[in-house]
Amino acid sequence: MIEQLRGLKDRALAQIDEAADLEALTQLNVSILGRKGELTATLRGMGSLSPEERPVVGQVANEVKTAINDAIEARTSALSGAEQQLKFAREAVDVTRPGRAPFTANLHPLTQVVRELLDIFTGLGFDIAEGREVENEYYNFEALNIPADHPARDMQDTFYVAPGTVLRTHTSPVQVRVMEQTTPPVCVVAPGKVYRHDSDVTHSPMFHQVEGLMIDEGITFADLKGVLHSFIHSYYGPQTGIRFRPSFFPFTEPSAEVDIQCVFCKGAGCRVCGRTGWLEILGSGMVDPAVFGCVGYDPEKVQGFAFGLGVERIAMLKYGIDDIRLFFENDLRFLKHFG
Amino acid sequence: MKISLGWLAQYVDISESPEELAHLLTMAGLEVSAIEHRGEGIENVVVARILEKGRHPNADKLSLCKVTDGEAEYPIVCGATNMVAGDMVALARVGAVLPGNFKIKKAKLRGEASEGMMCSTRELALGESHEGIIILPPDAPLGTGLLEYLGLPDHVIEVEITPNRPDWLSVVGVAREVAALTGRELRMPIPAITEAATATPASDETSVRIDAPDLCHRYAARLIKGVKIGPSPQWIQQRLESAGVRPISNVVDVTNYVLMELGHPLHAFDFNKLRGKRIVVRRAGEGEKFTTLDDTERGMGADNLMIADGEGAVAIAGVMGGQNSEVSEGTVDVLLESAYFHPSNIRRTGKELGLKTEASYRFERGADIEGLILSLERATELIVELAGGEVSSGIIDNYPTVHEKRSVTMRIEKAQAILGIEVDPAQAQGYLEGLGLTVTANELGRITATIPHFRVDLEREIDLIEEVARLKGYHEIPATMPRSGAMANTLGEAYAFTDKVRDTLMAAGLMETITLSFIDPADDDRIGLAQDSELRNKIEISNPLGRETSVMRTSLLPGLLRSASLNARRGNRDIAIFEVGHTFHPEAGTDLPNELQKAAGLLTGRRAPLAWWSDNDKLDFFDGKGVLESTLSSLGIKSCKFAPTEEIPWLQPGRAATFTVGEKQLGWIGEILPDILDPYELGAPTVAFSFDIEATREVAQATGKFGGLDKFPPVERDLAFVVDRQVQSGEIIGAITGMKIELVRRVVLFDAFEGGKVPEGKQSLAFRVTYRSDERTLTESEVSEIEAQVKQKLADSFGATLRDA
Ligand SMILES: [Zn+2]
């Protein structure tokens with residue numbers, strides 16, 4: 001009987017070893033270990049054994065069963081690993097193919113620059129105000145201390161839509177309207193479109209400005225310098241050289257043009273900066289008392305400053321664009337560059 | 001304005017290099033935009049004489065000259081015609097390298113040897129004239145270097161002068177600033193005039209009458225008799241050229257020279273052409289015609305100021321002289337005018353006539369009413385020096401409207417409050433005195449300045465504060481942060497909403513574009529607007545750059561079509577773009593339009609990028625609608641209704657909808673009609689949409705409080721119906737939700753098709769309905785009961801027949 005069992009074991013292990021796939025193994029499992037299998041059939045002969053022999057044979061039978069079981073398990077795991085590998089090989093993909101993605105898009109470069117500017121100014125405590133683009137001459141000029149027949153009108157070539165009504169030439173009318181509706185303190189930035197009767201590679205009849213205004217008791221020219229220093233160092237980096245030089249705007253006094261060290265030549269002088277080493281980026285000044293008079297503020301009580309920047313100029317310098325018309329033509333190849 | 005530094009140095013010492021001086025002036029508000037070097041590259045050009053001038057044997061248009069520089073004789077072939085034998089000329093000898101790296105070599109021109117070149121001013125970069133070669137005065141010293149003879153080399157700076165500083169519009173004006181900035185002495189020209197003792201006093205021979213003292217505050221004149229008109233000497237011509245003024249003849253050149261030197265415009269009349277030998281300053285008659293120096297007849301208005309003689313106008317005051325009294329070759333006696341005219345009147349006249357001259361430019365900014373006598377005397381001195389003649393005794397000076405000198409007080413404490421620095425009273429006083437102001441200070445920290453007439457810009461305290469800051473230097477003022485608190489961010493809400501519109505449209509794959517707000521009136525026809533359409537009513541620009549940009553848009557669509565068209569023409573036919581901006585709608589009773597903030601999008605071409613995974617499907621209505629719906633949803637619009645429309649002329653009926661929230665219409669969407677697309681070279685389908693951002697903001701809901709996750713599981717059942725093709729799925733969903741069955745939570749259209757087994761004229765629609773209770777788990781029979789009600793409702797309302805799933 002023991003011989004029989006050992007023979008069964010050897011045969012079974014050989015068959016298991018030869019099994020080609022999981023299917024064959026399952027069949028072996030049934031035909032050897034199953035209820036109607038060989039091992040069961042062999043053990044049926046146990047009844048004719050003497051009580052002394054039974055435990056001995058029983059132990060051998062168990063050993064045989066365990067050995068066969070282990071062999072089947074080992075073989076199963078070997079076979080299934082191989083099969084999975086085959087499956088994976090069949091399902092492998094070309095990982096260099098592009099993924100499924102819809103068309104992508106981005107914001108217009110001018111919108112991006114406006115946002116960058118507004119982010120800095122709102123961080124400095126400015127609120128955002130907007131205004132109309134077709135404006136009364138009063139708000140665009142007179143209230144800003146630019147009377148009719150004044151040569152300062154030559155600084156801004158104006159589109160008229162009716163006598164007394166213009167396309168705003170700057171975002172400054174927003175200042176006046178905000179001051180009319182607010183009591184100090186006032187601290188706003190006004191982004192928006194403005195219009196001038198001018199068209200060439202550096203002038204567009206429509207362009208964008210961001211204007212700032214801060215009014216309160218005790219605001220000084222030194223504060224104007226502080227806020228603009230803070231802006232310029234945030235936008236162009238803390239090492240950027242800055243200079244304020246006297247200028248003239250009818251609605252501010254004292255007025256200043258603000259130059260930054262040329263971003264192309266770092267101040268050494270190049271074609272872009274006209275060999276001066278400096279780039280003009282904004283106009284600014286202390287709000288003129290005449291403007292306060294127009295909005296009913298008392299210049300003996302409050303003081304403040306205003307500044308304005310041209311968004312296209314900043315974008316053109318930032319991205320090295322030399323034709324302003326590219327911004328409004330909307331060639332997708334141009335726009336995508338800013339994605 | 002161009003300022004020769006050689007000329008400038010006549011009035012103030014300059015020890016700085018041109019670059020240092022440019023920096024000094026720029027930092028004082030007198031921006032130097034360019035520095036030009038005159039006389040570079042003409043080292044080897046000398047004064048020479050033409051000995052002979054003959055015809056070139058082989059070329060009609062060339063002459064063959066023999067020229068000497070006093071050492072040798074050179075044959076020279078020349079194309080100019082303005083010279084004769086004996087003329088003194090500027091000779092570039094062989095070996096000279098002229099501006100522009102133009103090398104002078106021995107050459108054979110049409111068979112004749114040529115050794116050198118006789119030069120024009122342009123060839124030497126000394127002026128613009130190229131009409132002929134330079135003819136020097138007969139007394140020019142033969143063989144002298146031209147540089148030495150002309151007082152070169154020189155540097156010319158170009159300054160940008162702000163409109164508040166007319167006093168800078170002259171060489172002396174800039175010299176005065178240099179003197180103030182450096183503390184050096186200003187040397188004003190002091191004219192020396194010898195009046196002819198024997199001649200009749202000027203006032204016996206002529207007179208000036210001012211009929212419009214409101215517009216002409218002062219009129220002074222000198223009479224100079226017996227002048228000889230001819231070319232000016234080179235030194236004057238060179239200075240005029242350096243300032244960009246073309247030399248004409250001695251008397252006219254003198255008026256221009258003094259204009260550039262002292263900044264006051266003068267006018268010289270041919271005295272013998274003045275009828276009645278007198279001057280009358282008066283307003284023009286309505287409709288009066290006048291022919292100016294530039295040979296143009298101009299129609300005058302009643303408020304234009306004229307200079308007339310005994311019979312009629314001889315000049316437009318402060319703007320331009322007339323042909324009838326012009327100084328010309330035959331002029332013998334000259335009446336020289338130096339006057340003050342009202343700035344805004346001169347400006348209006350110039351604008352009305354479209355005429356801007358050196359004179360009007362200065363008068364409209366404000367001339368120096370006290371300084372005009374100096375200019376008159378200086379010009380008189382120079383005319384006698386250059387053109388001879390005798391000065392009649394006495395100045396005619398009619399000064400009906402005297403300008404009192406202003407006095408302005410500045411409080412030191414206010415200056416400190418504005419600038420944010422300590423201001424030292426003595427220092428401030430010093431700055432103002434340096435500018436030519438007469439200053440007194442008192443112990444209360446008040447500085448009172450008397451303002452000279454040439455400083456028209458100094459009227460108020462703040463003007464003096466600015467001068468103190470300017471002369472101190474802006475770099476002396478520190479940068480501090482304001483103590484002022486930040487404002488509550490409330491104005492910015494609308495802006496933030498608009499920005500969110502941009503972000504969502506971008507996230508949906510649409511590229512942001514920006515187009516000009518003014519469009520072509522013909523765009524109305526291009527998008528098929530009816531003749532009586534509201535949108536045709538536009539704000540028109542009175543002075544447009546061109547017809548194509550002459551009206552303010554009432555819709556963003558024309559701009560989007562134009563941008564799309566440009567890309568299509570350049571070969572990119574897959575386009576998904578949007579724009580956010582104002583549209584302008586005229587309103588009755590006001591010139592200010594209603595400005596609406598709108599967003600609009602346009603999509604055409606492939607649905608997905610060309611890729612291994614995508615097919616070639618073209619996008620259609622539903623791609624646009626998907627973008628629009630996801631945008632509206634992100635903006636807080638949760639229940640927007642779309643309804644078919646046939647009212648929008650540029651959209652294809654049956655593929656067009658308007659959308660509303662409650663009663664408020666937000667916008668439209670649809671496929672553009674192929675006939676409209678054709679001229680833009682765009683293919684169908686092209687989907688576009690537009691909505692009003694402010695209207696959308698009004699109905700947008702802020703994200704509410706979170707109510708917790710669902711506690712009981714939902715049950716989902718599918719319903720498939722066959723209904724008429726015309727039935728809109730939205731109506732069916734509306735009918736189901738309209739039943740107000742509490743347990744019906746969601747209805748989704750998940751399949752739709754026609755053809756195949758579906759009969760002609762019908763469509764199959766399949767919905768997934770989600771049922772859920774907040775109190776309990778629903779039973780199958782409960783759900784089935786509700787489902788039956790829904791089926792019945794749809795059968796009744798739409799004749800829907802249930803389809804086997
Ligand atoms: Zn540079």
Side-chain angles (χ1 to χ4, degrees), chain A residues 97-98 100 102-108 110-111 125 127-130 132-134 136 149 151-152 154-155 159-162 164-165 185 187-188 193 197 199 205-206 214 216 218-223 225-227 229 244-248 253-254 256 286 289 303 327-332 335, chain B residues 26-29 162-164 344 347-348 364-365 417-421 462 466 469-470 474 477-482 484 486-487 489 491-492 495 502 506 509-517 539-543 545 549 563 566-567 570 572 576 582 584 591-593 595 608-609 611-613:
Chain A
R97 283 189 205 172
R100 291 184 186 87
F103 285 111
T104 55
N106 51 265
L107 294 178
H108 194 281
L110 295 175
T111 302
D127 195 1
I128 299 171
E130 290 179 278
R132 50 184 318 120
E133 292 169 23
V134 178
N136 283 324
D149 299 324
D154 287 352
M155 295 168 88
F159 284 113
Y160 281 83
V161 302
T165 311
C187 184
V188 292
K193 295 188 169 94
H197 199 276
S199 184
M206 180 189 90
M214 184 182 273
D216 202 351
I219 300 284
T220 67
F221 191 89
D223 294 335
K225 283 188 76 170
V227 167
H229 270 261
F244 283 65
R245 58 187 163 77
S247 188
F248 168 73
E253 186 155 8
M286 299 299 289
Q303 301 183 163
F327 289 120
F328 307 112
E329 185 179 87
N330 301 305
D331 189 314
L332 290 167
L335 296 175
Chain B
T26 297
M27 296 312 283
T162 52
N164 59 325
S344 55
R347 182 173 165 81
R348 266 199 302 275
E364 70 179 39
R365 278 160 175 72
I418 290 282
L419 301 178
I421 50 168
I462 194 73
E466 179 176 55
R470 201 170 66 78
Y474 284 2
I477 298 172
T480 58
M481 283 312 271
S484 181
M487 248 180 122
N489 201 314
L491 296 172
Y495 192 82
R502 289 193 181 95
M506 172 190 72
L510 273 56
M511 185 73 82
E512 189 189 12
T513 61
I514 299 179
T515 62
L516 299 183
S517 309
I539 296 284
E540 288 175 27
I541 296 166
S542 322
N543 56 335
L545 283 173
T549 50
S563 298
L566 175 125
N567 283 286
R570 291 180 181 177
N572 187 351
H582 286 197
F584 305 83
D591 285 328
L592 292 181
E595 293 184 24
W612 60 271
W613 53 269

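Below, chain A is the first sequence line, B the second, and so on; all start at residue 1.
Per-residue counts of heavy-atom pairs under 4.5 Å with chain A were compared for B:Ser563, B:Ala469, B:Ala611; the largest is that of B:Ser563. When each of B:Ile539, B:Leu545, B:Thr549 is checked for heavy-atom pairs under 4.5 Å with chain A, B:Leu545 comes out on top. Annotation: maximal heavy-atom pairing with chain A below 4.5 Å, among B:Asn543, B:Leu419, B:Asn572, B:Leu566, occurs at B:Asn543. Taking chain B as the reference chain and counting heavy-atom pairs below 4.5 Å, the highest number among A:Leu332, A:Leu335, A:Thr104 is found for A:Leu332. The choice from A:Phe328, A:Phe248, A:Phe327 that makes the most heavy-atom pairs within less than 4.5 Å of chain B is A:Phe248. Ranked by heavy-atom pairs shorter than 4.5 Å toward chain B, the options A:Met286, A:Glu253, A:Gln303 are led by A:Glu253. Most heavy-atom pairs under 4.5 Å with chain A, from the set B:Thr162, B:Ile514, B:Ile418: that is B:Ile514. Here B:Met506 is the residue among B:Met506, B:Arg502, B:Glu364, B:Arg365 with the most heavy-atom pairs under 4.5 Å with chain A. When each of A:Pro151, A:Pro102, A:Gly226 is scored by its heavy-atom pairs under 4.5 Å with chain B, the top score falls to A:Pro151. Counting heavy-atom pairs under 4.5 Å between each of B:Ile421, B:Leu510, B:Ile541 and chain A puts B:Ile541 at the top.
The side-chain hydrogen bond (donor to acceptor under 3.5 Å, both in side chains) search around B:Thr480 returns A:Asp223, not counting sequence neighbours. Applying the side-chain hydrogen bond (donor to acceptor under 3.5 Å, both in side chains) criterion to B:His582, with sequence neighbours excluded, gives A:Glu133, B:Glu595.
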**Request:** Please lay out, stage by stage, how B:Ser344 and A:Asp149 fare under the test side chain to side chain donor-acceptor pair (under 3.5 Å).
**Result:** CA-CA 5 Å; B:Ser344 55; A:Asp149 299 324; 4.8 Å; no

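If you measure heavy-atom distances from B:Asp591 to chain A, the contacts under 4.5 Å come from both the backbone and the side chain. Residue contact with chain B, scored on non-hydrogen atoms closer than 4.5 Å, involves the backbone and the side chain of A:Ser247 alike. With a 4.5 angstrom heavy-atom cutoff, A:Pro98 touches chain B via backbone and side-chain atoms both. With a 4.5 angstrom heavy-atom cutoff, B:Glu540 touches chain A only via backbone atoms. For B:Ala28, the part sitting under 4.5 Å from any heavy atom of chain A is the backbone (N, CA, C, O) and nothing else. Residue B:Phe584 touches chain A through its side chain alone, counting heavy-atom pairs closer than 4.5 Å.
Minimum interatomic distance between A:Gly125 and A:Cys187 (heavy atoms only, all atoms of both residues): O-SG, 3.6 Å. Here the shortest heavy-atom pairing between A:Phe244 and B:Met27 reads O-CE, 3.6 Å.
Without hydrogens or angle criteria, A:Arg132 side chain to B:Pro593 main chain gives a donor-acceptor distance under 3.5 Å.
Taking CE of B:Met481 as the reference point, atom NE2 of A:His229 lies at 11.0 Å (rounded to 0.5 Å). A:Asn330 CG to A:His108 NE2: the interatomic distance, rounded to the nearest 0.5 Å, is 5.0 Å. Taken from OH in A:Tyr160 to NE2 in A:His197, the straight-line distance is 11.5 Å, to the nearest 0.5 Å.
Using a cutoff of 4.0 Å between basic side-chain nitrogens and carboxylate oxygens, A:Lys193 and A:Glu130 are not scored as salt-bridged.
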